[in-house]
Structures are given as C-alpha cells and as structure tokens.
Student: 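Here it is, the structure in full.
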Amino acid sequence: MTITSPHLGSPSAWTDARLLHALEEVVEGELNRHLKVAKDWMPHEYVPWSDGRNFPALFEDGEAWAKDQSKVTEIGRTALVVNLLTEDNLPSYHHEIASLFGRDGAWGTWVHRWTAEEGRHGIVMRDYLLASRAVDPDKLEQFRMAHMSEGFESDNRHSMLHSVAYVAFQELATRVSHRNAGHQSGDPVCDRMLARIATDENLHMVFYRNLLKAAFELAPDLTMQAVRDVVVGFRMPGHGIPGFERAAAQMAIGEVYNLRIHHDDVLQPVLRFLKVMELDGLGPEGRQAQEELGLFMGGLDMEAGRFDEKLAARKARMAARAAGH
C-alpha cells in the first residue's frame, strides 16, 4: 500500500472516492475475517418470555406497568432506555453509512451485514424490556417516536475518513456502555443479554479500527487530522434522545459511562493500538493534529481526575448518610 500509487495520484489529491477505492481490498479482508469469527445468535433465546403478561387497554386481564415489577435498578433502567433508543435509529445509521461507503463490492456487503447484526440488538433489548417489565412501555414508545421523528445527522457525514475514525471509537464506546449497563442492572438475565450485544460491538470496533490503521498507512496526515477532530468533538449517537443530558449525568454517576471510562476504556485503547502518538513521518498539518490530540487527551485526563474526586466524595457522603440511619 503506497501513497504514490500511479492510479491514485499524490497524497494531496486524496478524495473520499479515491480512499474508498484504495481501501476496498482491506475492507474485503476485514469482512472475511469478521464473518469467520462472528457467531450468529438468536435474540429470542435471551428473553425471559415466561415473565411476560398482557398490558391493559385491549386485554381484560391486562396489568398496568409499575416499577416494582422488575428487579432492574434505577440506573439500569436509565441506561437501557438510552441504549435502546440509540439502537432504534438504525435506519438513519444505515442510510448514512450506505451513502458514504456505497452499496457495492466489499463496502456494500459490510454495510448490509453490519446493519443486520445491529438490528438484533434493538430486537432483543425491546423484547427483554417488555417481557421483564423493566421500563414503562408507554414512555418508551413515546421516546422512540420523538427521537426518530427528529431524524439523525452524523457530525462526520462530510468525510469518509472522519466517519471511519468516529465509528472506531463509537463502537467501542457502545460496547463499554452496554457491558457496564449489564453489570449495574441488578438482573443476571439482562447482564447476559447485554454481554452478548457487547461482543458484537467489539467485533465491529475491530473492523473499523483495522480499517483506520490502513488509512494511516495510506494517508497519515489526513487520517491524523480526522482522528483529532473526532476525538475532540466526540458525541455519542444518542445525544438527540429526549432528556439525554440528564440521563447521561445519571449514567456518569452510576459508572455506566463517564469521563474516566471514556478516556481510559474507549479513547486510549484505540489510540494505543494504532500508535497514534508515536507516529512519525508526518507533514506539518499531521504533526500539528498529533500535538493537539496529545494536549486534548492530557486535558481530558485531568478533567476525568476531577470527576473521579467528585464521584468519590459523593460516594463517601452517601455512605456516611447510610451509616447515620
């Protein structure tokens, strides 16, 4: 792989179309690897169907929803709603990546395969939530309608490289969020289901991370700039969910997803794997992006440290209050 390949032109001439063409072989290899390691699984096998019963309105024996009908914790309930509503926007995500990556060749095969695998996540989560009565079904549907009616536009839709960089981090962020939500849910059935989803998300992260690695070999300066932009401006795809900021604050305190987790468990592992901060041979713009990325990560680590202190102080207050009672 070389940036002076005669049919691709000079590094300064990189366009989305040229990069898509140059990376096609890498996508095919990663797709074949993914299909070998990915395991098909049945969403219905993760749902406690025997816990289900009718809801009122059309059924005389229907039972209205109440919080105490499920063992899921309050933080678990919040995280499950945010994570499911994020998964619900799959039609918009598919439209975005199909528009960017295309529907032909290895790129197109990956787009459709990824969409099919992601579809399972929304199916199994909604079935679990309704069968186990973990959340208010009326509010869940109202939130879904409001969220999807707003539509979704990615912050990185302007650039294929930015989009690849974003999903390399975002898929890992989603994996971590699902896994931690399972741990905090209070229900082993929920934990098992979210662990299964997290396994898929990790494989998706590996696909995009390896693709990003190949992009660094092809166009290091442009890729470095894309990574800097994505890391500095990172937002989870569910940021448009009704009440997202409040839910995100609760998830931060509940240690499902917060600044420390974002820095240590999402950004750092990808950056370390790609050796982003050690990369040399960059041009002026690439070096500047690398320096700015390093400064941002240092600042984020300090900010996460302040959050850690506040969280520890909050835990100490709650423990003291509990001891007083």
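Note that this is a predicted model, so its numbers are computed, not measured.
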Student: When you compare the side chain of R126 with that of D88, does any pair of heavy atoms fall below 4.5 Å?
Tutor: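 Yes, close enough: below the 4.5 Å cut-off.
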
Student: Could you tell me how the ring of W110 sits relative to the ring of H204: parallel (under 30°), tilted (30 to 60°) or perpendicular (over 60°)?
Tutor: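 Answer is perpendicular, since the angle exceeds 60°.
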
Student: Just by modelled atom types, is the V135 backbone N or O under 3.5 Å from a matching donor or acceptor in the W65 side chain?
Tutor: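 Pair found, side chain donor or acceptor close to backbone of V135.
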
Student: What is the minimum heavy-atom distance between M205 and A168, and which atoms define it?
Tutor: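 M205 and A168 have their closest heavy atoms at CG-O, 3.3 Å.
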
Student: To the nearest 0.5 angstrom, please state how far the CG atom of L100 sits from the OG atom of S163.
Tutor: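 Going from CG on L100 over to OG on S163, the span is 4.5 Å.
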
Student: Output all residues satisfying salt bridge (Lys or Arg N to Asp or Glu O under 4.0 Å) with E25, sequence neighbours left out; order by chain, then residue number.
Tutor: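 E25 satisfies salt bridge (Lys or Arg N to Asp or Glu O under 4.0 Å) with no residue once adjacent residues are dropped.
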
Student: Would you confirm whether E303, through its side chain, and L259, through its main-chain N or O, come within 3.5 Å as a donor-acceptor pair?
Tutor: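 No: the side chain of E303 does not pair with the backbone of L259.
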
Student: Report, as yes or no, whether the 6.0 Å neighbourhood of atom CE on M302 holds more than 12 heavy atoms from other residues, nucleotides or ligands.
Tutor: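 It does not: M302 CE has 12 such atoms or fewer within range.
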
Student: For residues M148 and F143: do they belong to one hydrophobic cluster (side chain heavy atoms under 4.5 Å, members Ile, Leu, Val, Met, Phe, Trp, Tyr)?
Tutor: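 M148 and F143: separate clusters.
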
Student: Nearest 0.5 Å please: distance from the CG atom of D136 over to the CZ atom of R77.
Tutor: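 Taking CG in D136 and CZ in R77, the distance rounds to 9.5 Å.
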
Student: Any sub-3.5 Å donor-acceptor pair from Q170's side-chain atoms to M236's backbone N or O?
Tutor: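 Absent.
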
Student: Taking the side chain as C-beta and beyond, is there a heavy-atom pair between R33 and N210 under 4.5 Å?
Tutor: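 The answer is yes, as the side chains (C-beta and beyond) meet within the 4.5 Å cut-off.
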
Student: Can you confirm whether H262 sits close enough to Q268 that some side-chain heavy atom of one is under 4.5 Å from a side-chain heavy atom of the other?
Tutor: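 Answer no - side chains too far apart.
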
Student: For F234 together with Y166, are the ring centres under 6.0 Å from each other?
Tutor: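 Ring-ring flag for Y166/F234: true, centres closer than 6.0 Å.
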
Student: May I ask you to decide whether E141 forms a salt bridge with R144, counting only side-chain N to carboxylate O separations under 4.0 Å?
Tutor: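 Yes.
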
Student: According to the interplanar angle, ranging from 0 to 90°, do the rings of W41 and H121 count as parallel (below 30°), tilted (30 to 60°) or perpendicular (above 60°)?
Tutor: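 Geometry flag for H121 against W41: parallel rings.
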
Student: I want to know whether F101 and W114 have ring centres closer than 6.0 Å.
Tutor: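 Centroid distance F101-W114: not below 6.0 Å, so no.
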
Student: Within the distance-only criterion (no hydrogens, no angle test), does the side chain of R209 pair as donor or acceptor with the backbone N or O of V270 below 3.5 angstrom?
Tutor: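 The answer is no, because no donor-acceptor pair under 3.5 Å joins these two groups.
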
Student: So which pairs with a foot in residues 218-234 pass side-chain hydrogen bond (donor to acceptor under 3.5 Å, both in side chains), sequence neighbours left out?
Tutor: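 Of all non-adjacent pairs touching residues 218-234, those that pass side-chain hydrogen bond (donor to acceptor under 3.5 Å, both in side chains) are H162-D229, R228-E292.
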
Student: Would the distance check show the side chain of N89 and the main-chain N or O of S92 forming a donor-acceptor pair, the cut-off being under 3.5 Å?
Tutor: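 It does not hold such a pair.
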
Student: Would you say S177's side chain and T174's backbone share a donor-acceptor pair under 3.5 angstrom?
Tutor: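 Absent.
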
